[in-house]
Structures are given as structure tokens and as C-alpha cells.
Amino acid sequence: MKKVIYDQYGDINVLTLADVPVPTLDKNTLLVRVKAASINPLDWKIWHGDMKIMTGFSFPRSVGIDFAGIVEEVGSNIHNFSKGDEVLGIADIFKGGALAEYVVVKEEAITHKPATISFEQAAALPVVGSSAIQIFDKLAPLKAGMEVLINGATGGIGTIAAQLAKRQGAHVTAVVGKNGIDLANELGSDVVINYEQENVLEQEKQYDVILDFANKFPFDKAEEIMKPESVYVSTLPSPTALVSSFVHDLFSKKKREILNLSPSQAYLKQIADYAADGLTIVVSATYPIDAFKQAYTEAAKGGVLGKAVITIP
Ligand SMILES: NC(=O)c1ccc[n+]([C@@H]2O[C@H](COP(=O)([O-])OP(=O)(O)OC[C@H]3O[C@@H](n4cnc5c(N)ncnc54)[C@H](OP(=O)(O)O)[C@@H]3O)[C@@H](O)[C@H]2O)c1
């Protein structure tokens, strides 16, 4: 089968589309025929070697976290899925493996795909959907009427977070690039700010929740536009950031939180339910697996609305 692998950390040139054996399953796993895999910034952070502490030094390594596909075979202990089921899921974040014709996963890593969405749309959901749900579940619970600022509101997590915040009755201010203005309005944002024209950190307005998906708002700057009791969430975990956030939160009501995604089947099921209930899933670019290098090169330049997806025939 085709699978994207690499033998050393480095730039995109370390990746190759290899011909490898179809993986074998055991009694507690399933074999999924992958129809689509989506691109996450985490993918290149990992193959660049930015996360070696977590990913280690054994090679070859695999690429890709998000996938959607069809169950091909189930282990004898699997009772909730059958051959032929359409599913979406998350491969092991640090080991990857979704960018392949087949992936072997545990049952907890998948949920059923709603019949109303395509494989491309389904593959666009797992990481960003789980991230948005975890943020509102654990880090920044919302109440109706709260002022929520989303920096990077038309990217992968942003498109989902903006819609979930609106569903919970929040007032959403979306900070986006110029090509994201129409989309941010379509997704229901109340205020849309073009970051190329306006610096939101210099505004008078203050927010209950600030979500920085663009990694552009350091906490000490964001603090100036936070209400006295409020939450700031960044998506860049590091040991020092986690410790300093923890210490900061002991002494301040302006909370500083960091997303460290813990995938769960419950989050996957919730995002699949939202999708079945009409959540807008934005896939603005699709590429065949043979063009995976072009896909990653274009995605890394920025400017993608929602998600870019790689399809596997
Ligand atoms: N910690 C965790 O567990 C975890 C989990 C998932 C993701 N993440 C991280 O979370 C971040 C967001 O993920 P994602 O999938 O949503 O990425 P994404 O799709 O690349 O979205 C980032 C967004 O930021 C926007 N942006 C770029 N420059 C900006 C600026 N100066 N001001 C405002 N917005 C700007 C981009 O818009 P333009 O491209 O139009 O400029 C884009 O829409 C990534 O760094 C990812 O690695 C972390």
C-alpha cells in the first residue's frame, strides 16, 4: 500500500510516498481503508523535529493524524464497528500514519461518519473539532452573552470554534486575513476584523475569552484587552509555558490556559453530531495523495480557509 514516511527529521524533502505492507491488526484494533486525510500544522511541526521530546528518534516515521475512511476488518474484541462502516478518526498524534491507504487504530480513535458529509469533510474534523470542544469543555466554558475574541477565526480550529461559540450564545469577534472576511461573516461572527488593517490589541474593547489560534498574541499583550475575570487560551504547549501558566493562574483572575489536546471518542462523537446537525465544514483545497508535497507546501504558506485535505483513491 502507499504510505507517506520519512527516515530523518527535516524539511518536506525528507518525506516519501513509499510502498509498504498493509498493517496487520490484533483483536483490539481495526483496519480502516483511508479515503481522505486532512492537513494539520502539527504534521510539519513533527517531521521538522520540533517535538522530538515527544516523538523520539526511531525511524521510519509516519505522517498524518486526521482521517476518514471505511472499516475493512475488525479485531475479535471489537463490537461497535463492522466491516463497511464509514468512520472518521485520529491516528496516534505523535506516531501519525493517517496519510496512507490503510491505518490500524483502536476503537476509541474513531467514530461513525454522518451519512450527510463527505469523506473529505469528515477528515477535516477530528483534530480541530476535538480541539474546539476541549477548549470550551475544559479551558474556557462559555455562557450566553460572553464576548469571545478568536484570533485566526477562519483556520482549522477557528472555523469550528466560531460556530460552537455562536451556538452557545456568545458574541464572537473574528480576527482574520482579508481572504477570510466573507467566510467569517458567513459563519455568523458578530464582528470581523482584518488583521492586516487593524491591531485588535490596541482596541478599547475587552473580552471574556480570547482564543489565539494564530500564535500571534503573547499573553502579556492580550491581557490588556481581557476583562478582570476572563480566560486567554493559546495552542502552543511547552513545559515552560505550562508551568508559567499554572503559576500565573494561582494569582490572577485573568486566566492563562494552554490547549494540550487529549483526543477522546467522546469528542469525536460530539463533533460528528455537530456535523450531522448542520455545522459548516470548510474544505478549501483537496489534493490527491501523489501531490502530498504540493499540498503541504501550499498549506504551510498560510491563507487556507478551513482545512486542506488529501484524498486517497
Ligand atoms: N496544543 C494542541 O494540542 C494543539 C492542537 C491542535 C492544533 N494546535 C495548534 O493550533 C494552531 C492553530 O491550528 P489550526 O489547525 O487552526 O491552524 P490554521 O488552520 O493554520 O489556522 C491558523 C489561522 O491563523 C491565521 N493567522 C495567521 N496570521 C495571523 C495574524 N497575524 N493574525 C490573526 N490571524 C492570523 C491564519 O489565517 P491566514 O492563513 O489567512 O493568515 C489561519 O486562519 C496551530 O499552531 C496548531 O499547531 C495545537
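Bear in mind that the values here come from a model prediction, so they are computed numbers and not experimental data. Whatever order the structure lists ligands and atoms in, that order sets their numbers, starting from 1.
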**Q** Among Glu196, Gln134, Lys216, which one has a heavy atom closest to atom 28 (N) of ligand 1?
**A** Lys216
**Q** Taking NZ, NE, NH1 and NH2 as the nitrogens, is one of them in Asp208 or Lys227 under 4.0 Å from a carboxylate oxygen of the other?
**A** yes
**Q** Would you mind telling me which of Phe59, Tyr296, Phe292 makes a ring pair (Phe, Tyr, Trp, His ring centres under 6.0 Å) with Trp47?
**A** Tyr296
**Q** Using non-hydrogen atoms of the residue, decide whether Lys45 is closer than 4.0 angstrom to ligand 1.
**A** yes
**Q** Less than 3.5 Å between some nitrogen or oxygen of Leu259 and one of ligand 1, yes or no?
**A** yes
**Q** To the nearest 0.1 Å, how far is atom 42 (C) of ligand 1 from its closest protein heavy atom, and which atom is that?
**A** Gly155 CA, 4.0 Å
**Q** Should the pair Glu72-Arg33 be classified as a salt bridge under the 4.0 Å nitrogen-to-oxygen rule?
**A** no
**Q** Is at least one protein non-hydrogen atom found at under 4.0 angstrom from atom 36 (C) of ligand 1?
**A** no
**Q** Give the intermediate values and the outcome of salt bridge (charged side-chain N to carboxylate O under 4.0 Å, His left out) for residues Asp277 and Arg167.
**A** CA-CA 11 Å; Asp277 188 37; Arg167 282 176 183 233; 2.9 Å; yes
**Q** Just checking, is any N or O donor in the side chain of Gln163 or Tyr274 under 3.5 Å from an acceptor N or O on the other one?
**A** no
**Q** So for Gly180, does at least one of its heavy atoms come nearer than 4.0 angstrom to any atom of ligand 1?
**A** no
**Q** Would you mind running through ligand 1 and noting each atom that sits below 4.0 Å from a heavy atom of Thr154?
**A** 43 (O)
**Q** My understanding is that we take every heavy atom of each candidate and find the minimum distance to atom 20 (O) of ligand 1. Doing that for Pro41, Ser262, Ser38, which one comes out nearest?
**A** Pro41
**Q** Could you identify the single nearest non-hydrogen protein atom to atom 33 (C) of ligand 1 and state the distance to 0.1 Å?
**A** Asn151 OD1, 3.0 Å
**Q** Can you tell me the protein heavy atom closest to atom 12 (C) of ligand 1 and the distance?
**A** Phe213 O, 3.1 Å
**Q** For atom 7 (C) of ligand 1, grab the closest protein heavy atom and report residue, atom and distance to one decimal in Å.
**A** Ile157 CD1, 3.7 Å
**Q** Do me a favour and list the nearest non-hydrogen protein atom to atom 26 (N) of ligand 1 with residue, atom name and distance?
**A** Ala214 CB, 3.5 Å
**Q** Going by the order shown, which atoms of ligand 1 are within less than 4.0 Å of some heavy atom of Pro237?
**A** 1 (N)
**Q** Can you name the nearest heavy-atom pair linking Ala132 to Leu164, along with the distance?
**A** CB-CD1, 4.1 Å
**Q** Which residue supplies the protein heavy atom nearest to atom 48 (C) of ligand 1, what is that atom called, and how far is it?
**A** Thr235 O, 3.2 Å
**Q** Between Val176 and ligand 1, which part of the residue brings a heavy atom under 4.0 Å of the ligand: side chain, backbone, both or neither?
**A** neither
**Q** Taking only Lys NZ, Arg NE, NH1 and NH2, and the carboxylate oxygens of Asp or Glu, determine whether Asp212 and Lys216 approach each other closer than 4.0 Å.
**A** no
**Q** For side chain to side chain contact (heavy atoms under 4.5 Å, CB included), just list the numbers for Lys138 and Glu257, CA-CA rounded to whole Å, side-chain angles, deciding distance to a tenth of an Å, and then say yes or no.
**A** CA-CA 10 Å; Lys138 305 269 189 225; Glu257 303 291 351; over 6 Å; no
**Q** Is there a side chain to side chain contact (heavy atoms under 4.5 Å, CB included) between Leu279 and Ile117? Walk through the geometry before answering.
**A** CA-CA 10 Å; Leu279 186 85; Ile117 64 171; over 6 Å; no
**Q** If you take all heavy atoms of Val247 and Phe251, which pair is closest and at what distance?
**A** O-CD1, 3.2 Å
**Q** Where is the tightest heavy-atom contact between Ile5 and Pro60, given as atom of each residue plus distance?
**A** CD1-CB, 4.4 Å
**Q** Any nitrogen or oxygen of Gly302, main chain or side chain, under 3.5 Å from a nitrogen or oxygen of ligand 1?
**A** no
**Q** By number and element, which atoms of ligand 1 are closer than 4.0 Å to a non-hydrogen atom of Asn260?
**A** 3 (O)
**Q** Any nitrogen or oxygen of Asn215, main chain or side chain, under 3.5 Å from a nitrogen or oxygen of ligand 1?
**A** yes
**Q** What are the two closest non-hydrogen atoms of Ser38 and Val309, and how far apart are they?
**A** CB-CG2, 3.9 Å
**Q** For atom 39 (O) of ligand 1, which protein heavy atom lies nearest, and how many Å away is it?
**A** Gly303 N, 2.5 Å
**Q** Evaluate Gly156 for polar contact with ligand 1, using N/O atom pairs at a separation under 3.5 Å.
**A** yes
**Q** For the residue pair Arg61 / Tyr6, report whether a side-chain donor-acceptor contact shorter than 3.5 Å exists.
**A** yes
**Q** Measure from atom 23 (C) of ligand 1 to every heavy atom in Ala174, Ala124, Gly152, Ser131 and give the option owning the shortest one.
**A** Gly152
**Q** With atoms numbered from 1 as shown, which atoms in ligand 1 lie under 4.0 angstrom from a non-hydrogen atom of Leu261?
**A** 2 (C), 3 (O)
**Q** What residue and atom, counting heavy atoms only, is the protein's closest point to atom 41 (O) of ligand 1, and at what distance?
**A** Tyr195 OH, 2.4 Å
**Q** Could you work out, for atom 40 (O) of ligand 1, the closest of Asn179, Val233, Asn199 by heavy-atom distance?
**A** Asn179
**Q** Would Ser130 and Leu268 satisfy side chain to side chain contact (heavy atoms under 4.5 Å, CB included), going step by step from the backbone distance to the final call?
**A** CA-CA 6 Å; Ser130 300; Leu268 291 175; 3.9 Å; yes
